[in-house]
Amino acid sequence: DAMVIQNPRYQVTQFGKPVTLSCSQTLNHNVMYWYQQKSSQAPKLLFHYYDKDFNNEADTPDNFQSRRPNTSFCFLDIRSPGLGDAAMYLCATSYDRATNEKLFFGSGTQLSVL
Amino acid sequence: RKEVEQDPGPFNVPEGATVAFNCTYSNSASQSFFWYRQDCRKEPKLLMSVYSSGNEDGRFTAQLNRASQYISLLIRDSKLSDSATYLCVVGSGSARQLTFGSGTQLTVLP
């Protein structure tokens, strides 16, 4: 049974057209993360939520926003996608960020920008 | 210098071969070390944690060398299903501070 679910699996958008990626979890974990991974590169942390507390990485562009309306759901909004934003977007969860380093990943959303 | 560096490969090995990957890290204060496996266009999955004394899980053996700041992964008796990218991950005590390497690609050939 999938514990971290990302939809859609593949997303195509147009240059400059806002797009939202979604993530849900059945683990009741208090921390949710969004990573960006480009081809042959390491996953790059964009931001994370510790409960309702939003934590942005210093080098995450303003073009990327996130919402977490409740424990189970988290959204990644890309306000004006550029060609350079084409990548795999990975959602992950963990129980407590401070002491537990085990991450549970969703299957990812592959974003294409035309 | 990257925080976590890996030889990108690709490593192409025949079935049954033994293959080893190394990973170096720059932060001497790092506390935890992992190997993740990532199949093409899929999510990373935890393969094993790496302990100071070294650890083994079936055909997989992980070693840590704190003095030289590197970790290694040895795969014995390679299977076709071992073909994947292997990500080295280094942590400083919290999931938020995990640093991923860009991975080493392995292809096991029949």
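First the proteins, then the strands, lettered A, B, ... as listed; each starts at 1. Only a predicted model underlies this, so the values are computations on that prediction, with no experimental measurement involved.
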Next item on the list: Give the cluster check for A:F47 versus A:M32: same hydrophobic cluster or not, with ILVMFWY residues linked at side-chain heavy-atom distances below 4.5 Å.
Entry: no
Checklist line | Heavy-atom side-chain contact between A:L103 and B:Y36 under 4.5 Å | finding: yes
Item checked: Flag if over 12 foreign heavy atoms under 6.0 Å of NZ, A:K44 -> yes
Check: Would you say the side chain of A:L90 lies within less than 4.5 Å of the side chain of B:P44, judging by non-hydrogen atoms?
Finding: yes
Item checked: Neighbour count above 12 (heavy atom, 6.0 Å) for A:D62 CG -> no
Checklist line | Under 4.5 Å from a heavy atom of chain B, the part of A:S107 involved | finding: both
Note to self: With a 4.5 Å cut-off on side-chain heavy-atom distances among I, L, V, M, F, W and Y, is there a chain of contacts connecting B:F60 to B:I71?
What the structure shows: yes
Next item on the list: Please flag which part of B:Q38 lies under 4.5 Å from any non-hydrogen atom of chain A: side chain, backbone, both or neither.
Entry: side chain
Notebook entry, point to check: Linking I/L/V/M/F/W/Y whenever any side-chain heavy atoms sit under 4.5 Å apart, do B:V13 and B:F21 land together?
Noted result: yes
Item checked: Closest non-hydrogen atom pair between B:S102 and A:S40, with its separation -> CB-O, 3.9 Å
Notebook entry, point to check: Based on non-hydrogen pairs under 4.5 Å, which of B:S49, B:G91, B:S32 is most in contact with chain A?
Noted result: B:S32
Next item on the list: Look up atom OH in A:Y33 and atom CG in B:L98, then write down how far apart they are to the nearest 0.5 Å.
Entry: 7.5 Å
Note to self: Taking A:Y89 as the starting point, is it possible to reach A:V4 by hopping between hydrophobic residues whose side chains are less than 4.5 Å apart?
What the structure shows: no
Next item on the list: State whether the number of non-hydrogen atoms from other residues, nucleotides or ligands found under 6.0 Å of B:Y51 atom OH is greater than 12.
Entry: no
Checklist line | For the student: nearest non-hydrogen atoms of B:G101 and A:A42, plus distance | finding: O-CB, 3.2 Å
Notebook entry, point to check: Distance from B:L87 atom CG to A:Q37 atom CD, nearest 0.5 Å?
Noted result: 6.5 Å
Margin query: Please report the interatomic distance CZ(B:R41) to CE(A:M88), rounded to the nearest 0.5 Å.
Written below: 7.0 Å
Checklist line | Heavy-atom contact with chain B under 4.5 Å, split by part of A:Q41 | finding: backbone
Note to self: So for B:S92, is it side chain, backbone, both, or neither that comes closer than 4.5 Å to the heavy atoms of chain A?
What the structure shows: backbone
Notebook entry, point to check: If two hydrophobic side chains count as joined below 4.5 Å and joins carry through other members, does B:F11 share a cluster with B:L80?
Noted result: yes
Margin query: So A:Q6 and B:E43, do their side chains get closer than 4.5 Å, heavy atoms only?
Written below: no
